[in-house]
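Contents: one structure, followed by commentary.
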Number of protein chains: 2
Amino acid sequence: MTTEPPYLAIAAEIRRRILAGRLAPGDRVPSTRAITREWGVAMATATKALAALRQEGLVRVEPGVGTVVVDPKRTRHSTTSTLTRTRIVRTALDLADTEGLNAVTMRRLATLLDTSAMALYRHVPGKGELVRLMTDEACGEVPLGPAPTDWRQGLERAARWLREVYARHRWMAQVMASLSRPVLSVNAMAYTEWVLGVLWETPLSPSQKLHAHLTLFAFVQGLAMADDLEEQARLDTGLSDDEWMEQNEPRFDAMQSGGPYPLLDAIAHDGGFELSLESLFEFGLRRTLDGIAALIDETSG
Amino acid sequence: MTTEPPYLAIAAEIRRRILAGRLAPGDRVPSTRAITREWGVAMATATKALAALRQEGLVRVEPGVGTVVVDPKRTRHSTTSTLTRTRIVRTALDLADTEGLNAVTMRRLATLLDTSAMALYRHVPGKGELVRLMTDEACGEVPLGPAPTDWRQGLERAARWLREVYARHRWMAQVMASLSRPVLSVNAMAYTEWVLGVLWETPLSPSQKLHAHLTLFAFVQGLAMADDLEEQARLDTGLSDDEWMEQNEPRFDAMQSGGPYPLLDAIAHDGGFELSLESLFEFGLRRTLDGIAALIDETSG
DNA sequence: ACCTGAACACCGTTCAAGT
DNA sequence: ACCTGAACACCGTTCAAGT
C-alpha cells in the first residue's frame, strides 16, 4: 500500500460515511474548518478533500448552508437548458416570492441555474437591473382588462390590481414606491396610463387626476410594505404573528411602565377587532374613493 | 546598513510620500493589493507594511474606502468618551440620516466611535435591536403636544407629526410599516394611543377607529417610502432627479415602442404639473380626511 | 469588566484565464 | 462566444484571547 496523500484519505473517510448512510442526502458534510480540527490538517488539505468529493458528484456547495450530500435520486436537469435572460428573471422571481428579496443573490441564483455567478452577468448587467426586470415581469402577469366607464369602478379595479400584484410578489413593495424616478417598466407605465384614462372624463384638472391616482397608489404601497415586513419577519424568525406576540409579551408589558395606554390595551384585549390587512384595504379604499368623490362633486357642482 | 526587512522598506517609502505631501490627509495609500504589484511582494508583507503605518498613527482604515492618510490637525477625540448605548444609537441615527440605513454597518459605526466592531455588542445585542432603538429614539424627538378636541384637527396633526418624523429620518420608512408586529417602541406606542384618543369622541366603533388611524398611517407610509427610495437613489448614483430623468430619457423613449402613452406623455411634457411629494401629501391628506368625515356623518346621522 | 483579532460564512463585481 | 476561478472589498456575528 503506497502512502495515500492525506486529502485523499479524508475524502475516502467522508465517502464511507455517505455510502453507509451516516450522512444522508441534504446533510452537511464536515466544513473545511471542521476537517482541520477533526484530522489536524491545514486548510489547504481540507479544501482539496472537499473539492475531490465535489468532483465525484457526491457533494455540492449549497450557498447559505455549506457543502451538502447530493441526492442521487433527484435526476439532475439533464436537459441542460441554455441560460437566457428570461430564465434568469423567472428563477429570480420565484426565489424572491418564496424566500424574500434578500435571498436573491447572484451566487444563489447561479447555483439554482446550475452555473457560476459570473455567467449571469453575460445576460444581465447587474443586480439592480435584474430587480428592474423582475418588477416588469411581475407587472405583466395580471391583466388589467378593459377600463370601465365609471371612474370610481376604474380606480377601485386599479387598486385591486395593484394589491394583487403585491400579494403575488410581496418584495415588490420595496422597489415600486419611487414616484419621481418611476420604475423603468413597460407594464408599470401601462398601468399608470390605464388609471389616467379612467379619470379622463372627470372634471378634475390634469394635476388633480395625477394626485388622485398617486394618493391611492401611496395607500396601497403602505399596506404592501406592511405585508412584506411581516412576511420577511416570518421567514427570518420562523415565528407566526401569534407566536411572535406571545414571545414579546414581556417586552410589551415592560413598555407599559413608560405610561399607561388604556385605548391600545382595550383594543389589544379584544384581539384587535379582527383587524387584518385585508379589512384595512377595504376600509381605506372606500374612504379614499369617498374623498375623491367629494372633490369631484365639488368641482363639477 | 543592516538589511532592512522588506515590509519596513515599503512602510518607509509610503511614509516619505506622506511627509512630502504627495499623499495628502484623506488620500488613499496603496492597498495591500497595490503594494504586492508595485513591490512584487507577498500579501503578508504588504499587510505588515500597512499595519506598521497604522500603528504609527499615520494612516487609518476607513471602511468602505480603504487605508487613508490621517489628518494630524483634526485633534482626535482626546476625551475618549466612554462607549454607551445612547452614544451608539445617536451615532447610528446620524449616520443613517446622512448616508442611509445601508451605511449603518457595525464596522462603520465602530470606526466612527473609535472602537472595534465587537465592542458594540457589549452594549447592543445585534443590528436588529440597534435599528429598533434608533426608531424609538427618532419617535421621541418630535413632541405631539396636547390632543385637540376636534377629531379632524387631531388626525391632521398626527399625519403631519408622522410625516415630520419620516422627513427627519427617511430610512424609517423601511422599518416602521409593520402592523401586526408593531415596532417595540415606547414612543411609537404613545403616538398610536394619542391618535386613538383623538378619535374617541367620534361615533365610530373601536374597530373603525383603528381602521381610520391605520388608513392614514398607510398613506403617509407609502409617501415616506417614495421619499426614502429617492434619497437612496440620489446617494447611490449621485444624480439629482432631473439629471436621472435626462440620463434615462433614451430608455423611456425606447419604452414608447411598447405602446403609446398619450396621457402620461401629456403630463410628462407639462413637467408633471408641479407634482411633489409635498403637494401629494396635502392632497391625499385632505381626501382621506374627507372620506373619514363622510363615514362619521353617515354613522352619526 | 471590557475590548480585540481572527475567523466563518457570506455579499456584488472585476479581471484574467480557460474552452 | 461563453463560462469560470480567484480576488477585492465588503457584510453580521462567534469565539477565544488579551489587558
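First the proteins, then the strands, lettered A, B, ... as listed; each starts at 1.
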- Message: Counting only side-chain nitrogens and oxygens, does B/Tyr121 get under 4.0 Å of the OP1 or OP2 atom of D/dT14?
- Response: no
- Query: Which residues pass the side chain to side chain contact (heavy atoms under 4.5 Å, CB included) test with A/Val183, sequence neighbours left out?
  - Reply: A/Arg132, A/Thr135, A/Met176, A/Ser185
- Message: Return a single string for nucleotides 1-7 of chain D, one symbol per nucleotide in 5' to 3' order, where B is base contact, S is sugar-phosphate-only contact and - is none, cutoff 4.0 angstrom on heavy atoms.
- Response: -BBBB-S
- Stems involving DNA chain C: give each as a range paired with a range, ordered by first number, where a stem means at least three consecutive Watson-Crick or G-U wobble pairs under 3.5 Å. C:4-8 with D:12-16, C:12-16 with D:4-8
- Would you mind reading off the distance between B/Leu109 atom CG and D/dC11 atom C1', rounded to a whole angstrom? 14 Å
- Rounded to whole angstroms, how far apart are NZ on B/Lys127 and P on D/dC10? 15 Å
- Query: Who pairs with A/Thr98 by side chain to side chain contact (heavy atoms under 4.5 Å, CB included), at least two apart in sequence or on another chain?
  - Reply: none
- Query: How long is the span from the CD atom in A/Glu129 to the OH atom in A/Tyr121, to the nearest 0.5 Å?
  - Reply: 12.5 Å
- Task: Starting at atom CG of B/Asn102, determine the distance to atom P of C/dC11, rounded to an integer number of angstrom.
- Result: 16 Å
- Note on the structure: Separation between CE (A/Met134) and NE2 (A/His169), nearest 0.5 Å, reads 9.0 Å
- Message: Between A/Arg85 and A/His123 (side chain of the first, backbone of the second, donor and acceptor by atom type, cut-off under 3.5 Å), is there such a pair?
- Response: yes
- Note on the structure: Note: contacts of residues 90-101 of chain A with DNA chain D (heavy atom, under 4.0 Å) are none
- Query: If you measure only the distance, is there a donor-acceptor pair under 3.5 Å linking the side chains of B/Trp171 and B/Asp228?
  - Reply: no
- Query: Can any side-chain N or O of B/Asp136 pair as donor or acceptor with the backbone N or O of B/Val186 at less than 3.5 Å?
  - Reply: yes
- Salt-bridge test for B/Arg168 and B/Asp97: reply yes if a basic N is under 4.0 Å from a carboxylate O, no otherwise. no
- Return the set of residues passing salt bridge (charged side-chain N to carboxylate O under 4.0 Å, His left out) with B/Arg170 (not counting sequence neighbours), or none when no residue passes. B/Asp227, B/Glu231
- Query: Would the number of heavy atoms belonging to other residues, nucleotides or ligands and lying under 6.0 Å from CD of A/Glu243 be above 12?
  - Reply: yes
